[in-house]
Amino acid sequence: MNIFRLLGDICHLVAIIVLLLKIWKTRSCAGISGKSQILFALVYTTRYVDLFFTYVSLYNSVMKVIFLASSYATLYLIYVKFKATYDFNHDTFRIEFLLIPCVILSLLITHDYSPVELLWTFSIYLEAVAILPQLFMVSKTGEAETITSHYLFALGAYRALYIVNWIYRYYTESFIDGIAVVAGIIQTILYADFFYLYITKVLKGKDFKLPA
Amino acid sequence: HDHDHDHDEL
């Protein structure tokens with residue numbers, strides 16, 4: 001563990017809590033892509049299958065449980081409890097166009113072909129693109145609630161910090177995992193224009209609106 | 001070494 005990875009995990013936790021609180025407090029999931037949340041739940045489910053038979057540390061197990069529980073709780077709030085506020089007209093990204101390539105790619109490029117490893121590789125590739133339905137929805141509505149933009153910023157910052165963690169580990173432990181690094185860079189790049197808008201608008205107190 | 005990913009990363 002290093003400070004960059006710890007900060008990254010904290011950003012990740014903050015993002016998930018902010019989203020849950022936003023939906024719970026406003027009793028609305030307007031502007032939130034349920035499809036992205038489905039993909040995130042799938043990412044954690046496929047990545048943390050080893051939760052039940054591989055103990056790494058208390059921190060590791062606790063965080064995995066929190067990520068799994070909160071992602072399914074978010075799905076419940078979106079698709080059951082506050083279903084009436086789900087904006088399905090704007091949440092139209094075809095997630096099969098993400099799922100199928102990730103399955104194919106995880107069969108082509110993976111560290112090895114054990115079931116757990118294949119699921120892990122699939123979850124890494126899927127996480128890289130899981131935010132696309134959400135970014136697509138924001139581009140369609142042309143705006144996002146400020147709290148939603150904080151959620152997206154924290155979520156983008158988490159993987160950006162993981163990249164710093166991988167650079168740090170490369171130089172201190174000569175450890176590098178090409179699959180995670182390449183997917184993590186792609187994932188962070190997808191947030192690039194969002195980061196720009198967030199920093200130039202939201203941090204200046206303006207609403208998060210895409211240039212018309 | 002590169003050949004395995006680190007299981008302790010979330």
Side-chain angles (χ1 to χ4, degrees), chain A residues 1-2 4-6 8-13 16 43-44 47-51 53-68 109-112 114 116-121 123-124 127 158-159 161-163 165-166 169-170 173-184, chain B:
Chain A
M1 175 57 84
N2 60 66
F4 306 110
R5 184 146 67 90
L6 183 61
D9 290 342
I10 291 168
C11 274
H12 194 184
L13 192 60
I16 288 176
V43 165
Y44 303 135
R47 189 174 305 176
Y48 300 152
V49 285
D50 64 349
L51 171 67
F53 49 83
T54 311
Y55 180 79
V56 174
S57 68
L58 182 62
Y59 170 82
N60 187 272
S61 298
V62 166
M63 292 295 267
K64 286 177 177 176
V65 168
I66 293 174
F67 288 163
L68 278 167
I109 305 173
T110 180
H111 289 309
D112 70 53
S114 68
V116 173
E117 193 66 27
L118 279 172
L119 285 172
W120 177 85
T121 307
S123 82
I124 289 289
E127 186 186 9
Y158 131 70
R159 213 61 180 170
L161 283 162
Y162 256 70
I163 292 172
N165 149 64
W166 290 321
R169 295 189 69 185
Y170 180 71
E173 308 165 31
S174 72
F175 170 84
I176 180 115
D177 174 358
I179 287 176
V181 171
V182 171
Chain B
H1 59 294
D2 174 40
H3 182 65
D4 191 9
H5 79 264
D6 200 342
H7 279 272
D8 80 349
E9 286 194 351
L10 287 172

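Quick caveat, the model's predicted, so the values are computed rather than measured. Letters go in sequence order (proteins before strands), and every chain restarts at 1.
A/F67 approaches B/L10 most closely through the heavy-atom pair CE1-CD1, 3.9 Å.
Between chain B and the options A/M63, A/H12, A/R5, heavy-atom pairs under 4.5 Å are most frequent for A/R5.
For A/Y170, the OH atom counts as loosely surrounded, since its 6.0 Å shell holds 12 or fewer non-hydrogen atoms of other residues, nucleotides or ligands.
Contact annotation for A/N60: both backbone and side-chain heavy atoms come within less than 4.5 Å of a heavy atom of chain B.
Rounding to the nearest 0.5 Å gives a distance of 9.5 Å between CZ of A/R47 and CD of B/E9. Taking CG of B/D8 as the start and OH of A/Y55 as the end, the distance is 12.5 Å to the nearest 0.5 Å.
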